[in-house]
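Presented below is the structure to which this report refers.
Small disclaimer: the values here were computed from a predicted structure and weren't measured. Labels below follow one simple rule: chain letters A, B, ... track the order of the sequence lines, proteins then strands, and each chain is numbered from 1.
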4 protein chains.
Amino acid sequence: MGKGRLEAFSDGVLAIIITIMVLELKVPHGPGLADLRPLIPVILSYVLSFIYLGIYWNNHHHMLHAVQRVNGRVLWANLHLLFWLSLVPFVIGWMGENHFTVLPTALYGVVLLMAAVAYWILQQTIIARHGGESLLAKAVGRDLKGKLSPVLYVIAIFSAFFAPWVAGALYVLVAVLWLVPDRRIERALAGGKGQMP
Amino acid sequence: MGKGRLEAFSDGVLAIIITIMVLELKVPHGPGLADLRPLIPVILSYVLSFIYLGIYWNNHHHMLHAVQRVNGRVLWANLHLLFWLSLVPFVIGWMGENHFTVLPTALYGVVLLMAAVAYWILQQTIIARHGGESLLAKAVGRDLKGKLSPVLYVIAIFSAFFAPWVAGALYVLVAVLWLVPDRRIERALAGGKGQMP
Amino acid sequence: MGKGRLEAFSDGVLAIIITIMVLELKVPHGPGLADLRPLIPVILSYVLSFIYLGIYWNNHHHMLHAVQRVNGRVLWANLHLLFWLSLVPFVIGWMGENHFTVLPTALYGVVLLMAAVAYWILQQTIIARHGGESLLAKAVGRDLKGKLSPVLYVIAIFSAFFAPWVAGALYVLVAVLWLVPDRRIERALAGGKGQMP
Amino acid sequence: MGKGRLEAFSDGVLAIIITIMVLELKVPHGPGLADLRPLIPVILSYVLSFIYLGIYWNNHHHMLHAVQRVNGRVLWANLHLLFWLSLVPFVIGWMGENHFTVLPTALYGVVLLMAAVAYWILQQTIIARHGGESLLAKAVGRDLKGKLSPVLYVIAIFSAFFAPWVAGALYVLVAVLWLVPDRRIERALAGGKGQMP
């Protein structure tokens with residue numbers, strides 16, 4: 001089975017998720033600067049989630065580039081990943097309504113953690129299909145970055161109950177880790193191209 | 001006429017349906033765990049519907065793989081299927097607002113039943129175009145799974161009037177039937193690859 | 001310039017229009033049959049508009065099949081068509097809120113009329129680019145069906161002010177005219193394949 | 001890395017942005033002409049933004065036509081452009097709610113300005129990847145049109161604080177500048193094909 005429709009469908013879902021998030025930016029009723037102020041937390045989480053979804057799209061792009069064949073298992077592992085990412089707009093909306101209080105902030109971490117787990121499952125499913133000597137298996141390598149992210153998410157989830165801003169800072173940190181194309185970091189972390197954030 | 005745009009359009013519509021369902025998860029106003037609780041029925045029906053749409057996309061993918069030519073009839077049979085699937089977000093929203101009461105639960109079954117009928121019509125239209133000796137006709141075979149699903153939907157619709165949870169359990173059962181790649185079930189049910197759930 | 005992205009973009013916009021129309025079906029708060037009743041006009045206009053958009057997608061598909069080259073003019077003529085079609089969900093919502101009263105019913109006709117005009121402009125732009133002897137110019141032929149539709153829309157718009165149901169019946173009639181693959185009608189109307197409804 | 005998925009993803013996002021803008025046209029509750037009147041500013045800004053997004057899609061189309069290879073930098077420069085364009089529906093909604101008052105009108109200019117900057121960055125990133133002697137570098141040329149637009153946006157943003165209608169007129173002027181295929185203007189402005197508006 002070809003991978004063309006899998007890519008097209010994933011692109012479609014990711015494009016829609018990244019765009020309907022903007023619907024969570026509820027238009028303020030007043031025309032003043034003060035009416036925009038309550039939106040700042042939603043805008044910040046919109047920017048952060050836009051970057052996260054961009055990283056996922058980017059890495060999904062890289063990962064599937066190394067793939068030749070897909071089967072039913074890969075299709076479902078991919079849908080599983082899309083499911084968790086589809087919850088991002090909902091969690092953003094909840095965080096925005098409640099200004100980074102405990103539970104919404106923790107739930108954001110849970111969704112990111114589950115998406116990372118789903119990405120890892122998808123990656124393993126593809127490697128299992130192509131063999132341990134495949135291009136993807138080699139590209140993934142020791143995957144320190146991929147192993148560090150879930151740990152940081154778990155720490156963020158727990159810290160949300162004591163200091164939500166620490167959780168927020170950790171979410172930003174993970175995004176930066178994946179975003180910055182720092183050669184030294186990339187080499188130190190053993191080339192995590194095509195990974196989940 | 002090529003099948004490329006038919007696939008692209010169907011992928012687009014299915015990707016949008018699967019993603020706008022999340023808009024039915026209305027963001028709760030409060031920040032507590034108690035504020036999430038009323039959402040549980042909507043989340044459950046979101047998960048179930050995500051799986052149903054995934055099955056449809058998956059099977060649609062398989063079915064069209066065996067297709068070489070499409071004509072006006074196939075285009076319209078396909079639009080007919082997309083029409084019924086497009087009602088899923090509406091019914092989910094209604095079920096969620098009313099916590100699995102009689103009518104919404106029954107209507108969910110009606111939409112699933114009509115989608116299954118539409119899938120069957122699409123399949124027959126394609127087979128009619130390609131001939132009874134075609135690849136698809138052989139792949140479909142006796143299609144016990146495809147015949148069992150509508151029966152289960154009808155039972156679910158009626159049982160919704162007495163015990164909505166029985167209907168819900170039947171909807172889950174049909175999804176599991178299609179999802180589990182159990183070789184024995186698949187063989188017993190005469191290879192229902194590329195069918196509707 | 002290739003036509004691939006033009007088709008992909010149009011498919012995307014049409015897929016989204018056809019799907020977000022369902023968001024105009026506002027979920028009723030109550031769980032009973034009586035709560036669904038006020039939705040009947042919206043559901044009817046949803047079905048009709050789904051068919052109209054299906055006809056447009058179908059015919060757009062046929063028309064572009066005969067096209068080899070696109071230029072800036074064609075891109076803008078295409079965007080102009082998509083603009084009018086993008087207003088359909090809005091008009092449906094207004095019709096639904098007000099149960100087929102005068103102005104919403106007339107506005108629906110205006111949007112359909114403008115979409116038909118935009119389709120005709122797009123067709124002429126493509127023919128101008130390919131020459132009067134092109135495949136498309138021949139396929140269009142005398143195009144009686146394409147000339148009848150705008151006349152019926154204008155009659156419908158005016159009749160909306162006296163008897164909205166007459167307008168509604170005319171909208172259904174035009175859709176049926178384009179939908180029914182009646183050989184005799186098609187021959188009588190001089191083969192309107194690839195036209196606007 | 002191929003450019004196919006970059007185009008597909010951008011088409012998807014642009015198609016969704018252009019279509020969900022219509023959701024900002026809130027359906028009026030009454031059935032009369034007077035109920036449509038408050039919508040006029042939103043409709044005007046919808047039309048203008050539809051044209052802007054059409055220009056961006058059109059130029060994006062041209063620009064990527066001249067591209068052979070994309071890398072991580074290009075993907076992110078492209079996402080950056082899509083981010084600013086994704087804010088257009090939000091700003092339209094705010095302008096519409098407040099009838100072209102000072103801040104919403106100025107914010108519209110800020111979003112257009114940032115999108116123009118993002119387009120310019122994307123263009124420079126692509127040229128950097130392909131070399132100053134590339135097709136794109138030559139097509140861009142002196143790019144007077146691309147340099148005039150940001151200046152006009154800045155003037156518009158400032159004039160919004162004194163006379164919002166001047167800002168509105170400037171937004172229309174920039175769109176017209178890019179839209180009109182006037183050969184003399186195009187030659188005078190040194191062939192700004194494939195630019196941002």
Listed by number, the residues in residues 24-35 of chain D that come under 4.5 Å of chain A (heavy atom to heavy atom) are D:E24
When the 4.5 angstrom heavy-atom criterion is applied to D:S86 and chain A, the contacting part is both
Under a 4.5 Å heavy-atom criterion, the part of residues 7-21 of chain D in contact with chain A comprises D:A8, D:F9, D:G12, D:V13, D:I16, D:I17, D:I20
Heaviest contributor of heavy-atom pairs below 4.5 Å to chain D, chosen from A:I43, A:L53, A:L36, A:L64, is A:L36
To the nearest 0.5 Å, atom CG of D:L82 lies from atom CZ of A:F50 at 5.5 Å
| message | With heavy-atom distances below 4.5 Å as the criterion, would you say the side chains of D:W94 and A:L39 are in contact? | response | no
Heavy atoms of A:L179 and D:W76 approach each other most closely as CD1-CZ2, 3.2 Å
**OP:** For the residue pair A:W57 and D:L6, establish whether any side-chain heavy-atom pair is separated by less than 4.5 Å.
**Re:** yes
